[in-house]
Amino acid sequence: MPVLRLHNSLTRTREVFAPIDPGHVRMYVCGPTVYDLAHVGNARPVVVFDVLARLLRRLYPKVTYVRNITDVDDKINARAAASGESIGSVTARTAADFHADMAALGALPPDVEPRATEHITDMITIIERLIQNGHAYAADGHVLFSVASFAEYGHLSGRSPDDLLAGARVEVATYKENPGDFVLWKPSTDDLPGWDSPWGRGRPGWHIECSAMSWRHLGESFDIHGGGNDLLFPHHENEVAQSLCCFPGSTFARVWLHNGMLNINGTKMSKSLGNFFTVRDVLAKAPGEAIRMLLLRGHYASTVEFSEDLLADCKRDLDRWYRALERAPAAAGEVPASVMAPLCDDLNTPLAFAGMHALADAAMAGNTEASAGLRAAGDLLGLLQYDSTAWFRGGDDAAEIDALVQARIDARKERNFARADEIRAELAARGLALEDKGGATIWRRE
RNA sequence: GGUCCGGUGGCAGAGUGGUGAUGCAGCGGAUUGCAAAUCCGUCAAUGUGGGUUCGAUUCCCGCCCGGACCUCCA
């Protein structure tokens, strides 16, 4: 079995991955807050950790991949209040959209997809324990985590509480004992969602949900925790603090993985900046696999650039690979080392793609073994999931196009090139390209 | 202001202390009625100034530039 190495944010080194239980790998990844359609940047962690999950399943007998849905959040409340739609409707609709979009990107569903609102009791349990342990306190209807009570606070993100104080840009609430303390539970007014608790009717703070859901579904200690590097602080730092203080002796996640951001013109794609494209919009212009490939073209921890030109490049690459598969048809075989080795080396997808290009070259020359390897590599990466014919010639109008192509063949036989070129131009205008090979002609969608 | 990350050919993007992957684009050619696809060939890069070293793109320091994060996240 190949050795898997992963860069652990916690230790800032590339380590050999050694699961707590080699018979059962457990991974938690922060999922979406369902208040609006996902943009392409939001899809990056989904795709990256989908690849990791697929790889882990090849390497280990059992994998439990948990990715939550955050369905209680002030952004959701604000969205519902603004539109008049109920909160339940906003979250249900947005979660369904998210599922459809991610499926279109070839991301398999996680094994468990817990919702924050289904874990309120677990959150309350954790908060109560933290209070008992002296790591949290109730004040002014809120419950706060006491940063000063946890000596290792800041360890994950590499910050000292002093640094944080110096950089504080938000006014410190008066009920905090320490400016770094963060909310575990907060009171809800009647117009806001709330649950009964020992501290009155309220709702959870931002970070507690992940501690509750990972605990419930993976246990106190598990193998991998993933998410975007914009969550490193404060979200992940606070998660670790809560969980470690609640479960003394546990390790929480042993390996932390953080994906880089998706940039557009050199800047992070984000809702607040408005420089984003929804997955849905981009899917209208390019196949999901092209978007997926774009997201995987850079190393997961680096920033990746997004543009329509780059998306078109990915489409071209995929077209060539599908052509190679068509040239040397074969069922998926073993994943070649030229692809497996890079993936096992901290998920080096760009280098894996280089391996796939070489396989495609060989397949193009008629090497069916290479073609089988290319197909297998595609399965591992969630690409090349279509039959070449479906990829190039899917759609309802195939029969009509075939007829036009036949008419052009007839025209060419008569050396009526004017008519032949006319038909070709007509098809080109519809986004269809032709290839004449010997006496035959094949067409494909561009 | 604090912390951290990064600067590689036209674009994107890997690896590496010792002649700088890969893809797209460009250029030349083969092929084609012309194209497309395919094949062959080809151009072209390590921000900047020092240091360590026999040798640095790779390690160290300064500088410049870009980006991310800085607590109940408008």
Side-chain angles (χ1 to χ4, degrees), chain A residues 9 12 73-75 78 142-145 147 153-154 157-173 175-176 178-187 203-208 228-235 237-238 241 258 260-261 263 265-268 270-273 293-294 297-299 301-307 309-321 323-324 326-327 338 342 345 348-358 360-361 364-365 412 415-418 420-421 424-425 428 432-438 441-444 446:
Chain A
S9 304
R12 293 172 180 73
D73 179 275
D74 287 350
K75 284 193 286 280
H142 295 66
V143 180
L144 293 110
F145 182 89
V147 168
Y153 189 79
S157 61
R159 292 156 200 255
S160 74
D162 295 344
D163 295 339
L164 302 176
L165 253 175
R169 67 179 182 188
V170 175
E171 210 174 311
V172 179
Y175 47 78
K176 288 189 179 182
N178 184 304
D181 293 351
F182 55 91
V183 169
L184 299 170
W185 189 263
K186 55 189 169 186
R203 61 195 194 282
W206 176 23
H207 319 292
I208 192 69
N229 66 195
D230 56 344
L231 296 179
L232 187 51
F233 188 88
H235 185 54
E237 189 68 58
N238 293 352
H258 288 96
M261 297 294 98
N263 279 189
N265 295 321
T267 303
K268 175 183 172 181
S270 75
K271 282 264 164 65
S272 54
L273 288 175
M293 187 168 181
L294 181 144
R297 286 220 312 183
H299 182 79
S302 306
T303 53
V304 157
E305 187 68 23
F306 174 86
S307 76
D309 284 350
L310 294 170
L311 196 56
D313 279 354
C314 292
K315 168 68 163 54
R316 261 191 292 270
D317 284 346
L318 287 167
D319 282 347
R320 180 175 156 80
W321 288 353
R323 240 177 254 124
E326 194 165 44
R327 186 71 164 269
S338 63
D345 188 17
N348 190 337
T349 49
L351 196 57
F353 285 156
M356 290 173 76
H357 284 301
D361 287 343
M364 199 66 90
R412 291 180 76 220
R415 302 195 65 76
N416 182 353
F417 295 122
D421 290 350
R424 185 168 63 193
L432 302 165
L434 301 185
E435 285 176 36
D436 298 325
K437 280 199 242 180
T441 294
I442 62 171
W443 61 272
R444 65 167 194 279
E446 288 283 68

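Please read these numbers as outputs of a predicted model, since none were measured by experiment. Chain naming here is simple, since letters A, B, ... match the order of the sequence lines and numbering starts at 1 in each.
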**Student:** How close do A/Ser157 and A/Phe233 get, heavy atom to heavy atom, and via which atoms?
**Tutor:**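 The pair with the smallest heavy-atom distance is OG-CD1, 3.4 Å.
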**Student:** With 3.5 Å as the limit, what N/O pairs link the protein to nucleotides 27-33 of chain B?
**Tutor:**
residue: B/rG33; atom: N7; partner: A/Arg412; partner atom: NH2; Å: 3.3
residue: B/rG33; atom: O6; partner: A/Arg412; partner atom: NE; Å: 3.1
residue: B/rG33; atom: N1; partner: A/Asp421; partner atom: OD1; Å: 2.9
residue: B/rG33; atom: N2; partner: A/Asp421; partner atom: OD1; Å: 3.4
residue: B/rG33; atom: N2; partner: A/Asp421; partner atom: OD2; Å: 2.6

**Student:** Give me the distance, rounded to whole Å, that separates B/rG41 from B/rU48 when you measure between the P atoms they each carry.
**Tutor:**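 Result for the P pair: 32 Å, nearest Å.
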**Student:** Mind checking the C1' distance from B/rU3 to B/rG15? Whole angstroms is fine.
**Tutor:**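 So the two C1' atoms sit 29 Å from each other.
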**Student:** Under 4.0 Å between a side-chain N/O of A/Lys268 and OP1 or OP2 of B/rC69, yes or no?
**Tutor:**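 Yes.
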**Student:** Could you tell me whether A/Arg320 and A/Asp317 have a side-chain N and a carboxylate O separated by less than 4.0 Å?
**Tutor:**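 Looking at A/Asp317 together with A/Arg320, the answer is no, because their closest N to O distance does not fall below 4.0 Å.
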**Student:** For nucleotides 43-47 of chain B, give me every protein contact, N/O to N/O, under 3.5 Å, one pair per line with atom names.
**Tutor:**
none

**Student:** Identify the heavy atoms of A/Gly205 and A/Ile208 that sit nearest to each other, and give their distance.
**Tutor:**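 Closest pair (atom of A/Gly205, atom of A/Ile208, distance): O-CG2, 3.7 Å.
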**Student:** Under the 3.5 angstrom rule, does the side chain of A/Asp181 hit a backbone N or O of A/Val147 as a donor-acceptor pair?
**Tutor:**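 Answer holds: yes.
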**Student:** Suppose you measure atom C1' in B/rC43 against the same atom in B/rG47; what distance do you get, rounded to whole Å?
**Tutor:**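 It comes out at 23 Å once rounded to the nearest Å.
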**Student:** Between B/rU3 and A/Arg12, is there an OP1 or OP2 to side-chain N/O distance shorter than 4.0 Å?
**Tutor:**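 No, no such contact exists.
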**Student:** Using the P atom on both, measure B/rU16 against B/rG6 and round to a whole Å.
**Tutor:**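 Between the two P atoms, the distance is 14 Å.
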**Student:** Are B/rC73 and A/Trp206 stacked, with the base six-membered ring and the side-chain ring centres under 5.5 Å apart and planes under 30°?
**Tutor:**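 Yes.
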**Student:** List RNA chain B stems (3 or more consecutive Watson-Crick/G-U pairs, under 3.5 Å)?
**Tutor:**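 Result, WC/G-U stems under 3.5 Å: B:1-7 with B:64-70, B:10-12 with B:22-24, B:26-30 with B:38-42, B:47-51 with B:59-63.
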**Student:** Write down the distance separating the C1' atoms in B/rA25 and B/rG10, rounded off to the nearest Å.
**Tutor:**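 Each nucleotide's C1' atom is 7 Å from the other's.
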**Student:** Tell me what A/Phe145 touches on the nucleic acid: a base, only sugar-phosphate, or nothing, going by heavy atoms under 4.0 Å.
**Tutor:**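 A/Phe145: no heavy atom of the nucleic acid under 4.0 Å.
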**Student:** Can you see if the side chain of A/Arg297 gets near the phosphate of B/rU22 - specifically, an N or O under 4.0 Å from OP1 or OP2?
**Tutor:**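 No, no such contact exists.
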**Student:** Using OP1 and OP2 only, check whether a side-chain N or O of A/Arg323 sits under 4.0 Å from B/rU38.
**Tutor:**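 A/Arg323 to B/rU38 OP1/OP2: side-chain N or O found under 4.0 Å.
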**Student:** Sticking with atom C1', work out how far B/rU52 lies from B/rC39, rounded to a whole angstrom.
**Tutor:**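 Their C1' atoms lie roughly 48 Å apart.
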